[in-house]
Amino acid sequence: MKNDEVLVEISARHVHLSQSDLETLFGADHKLTVKKELSQPGQFACEERVRVIGTKGEFAAVSVLGPVRKDTQVEISLTDARTIGVAAPVRESGDIAGSGACRLAGPAGEIEISEGVIAARRHIHATVADAQRMNLKNGEIVSVEIPSANGRNLVFGDVVVRVSDSYALAMHIDTDEANAAGMAPNTIGKIIK
């Protein structure tokens, strides 16, 4: 890939759980079961699934991603949020203060989270070496052009760059954004500064 190109991946709705919430939903001392490794190092999709319940509806089998986190977080698209009746402010992952609320249900119990529902802000993960090679800085805001085979090319603005050697180079957008661009798998986006 060229220095201004990045693989664009679609992040579907998912849940990150704290250990205590995992145990409430799946039973005491429960450990996450790896289903498949994800592109970001150390991240994985789990066999476990939960119900995400809002005021107008629910999603019956939402994927849990591991490993466990300090705080439980639900990442859904804005369309998802409207569909089930929850608030989901656009935020960077981990920025959950004052975000949306919902109920989560698993085979062993239910929890009510008072905050933690977000629509993830589109972002690029980059290692320190990737960032240097591409002349990007942590926290920088860029645009990314998404090509489309069906005439729906789109330029996404407000893409935050996140730099860490614990990442692998990739841009993440949600299903609403991918559908708006008519995006195919393995799409390469062009970074515009």
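Excluded from the calculations below are hydrogen atoms, water molecules and symmetry mates; all remaining heavy atoms, backbone and side chain alike, are included.
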- prompt: Is there a donor-acceptor pair closer than 3.5 Å between any side-chain N or O of Asp4 and the backbone N or O of Lys190?
  reply: no

query: Any donor and acceptor pair, going by atom type alone, linking the side chain of Asp176 with main-chain N or O of Thr79 inside 3.5 Å?
result: yes

task: Given salt bridge (charged side-chain N to carboxylate O under 4.0 Å, His left out), test Glu140 with Lys193 step by step and report yes or no.
output: CA-CA 10 Å; Glu140 182 176 4; Lys193 297 178 96 181; 3.1 Å; yes

- prompt: Does any non-hydrogen side-chain atom of Asp71 lie less than 4.5 Å from one of Arg69?
  reply: no

Check whether the side chains of [X] and [Y] place a donor and an acceptor atom closer than 3.5 Å, and report yes or no.
X: Thr55; Y: Arg103; answer: no
X: Ser11; Y: Asp174; answer: no
X: Ser63; Y: Arg49; answer: yes

query: When you look at Glu75 and Ser93, which way does the side-chain contact (heavy atoms from CB on, under 4.5 Å) test go after all the steps?
result: CA-CA 8 Å; Glu75 294 184 37; Ser93 183; 3.6 Å; yes

field: Test log, rule side-chain contact (heavy atoms from CB on, under 4.5 Å), inputs Ile53 and Phe59
entry: CA-CA 7 Å; Ile53 305 161; Phe59 296 115; over 6 Å; no

query: According to the side chain to side chain donor-acceptor pair (under 3.5 Å) rule, which pairs have a member within residues 149-161, sequence neighbours left out?
result: Ser148-Asn150

- prompt: Sequence neighbours excluded, which residues qualify as side chain to side chain donor-acceptor pair (under 3.5 Å) partners of Arg121?
  reply: none

task: Kindly assign one of parallel, tilted or perpendicular to the pair Phe26 and His30, based on the angle between their ring planes and the thresholds 30° and 60°.
output: parallel

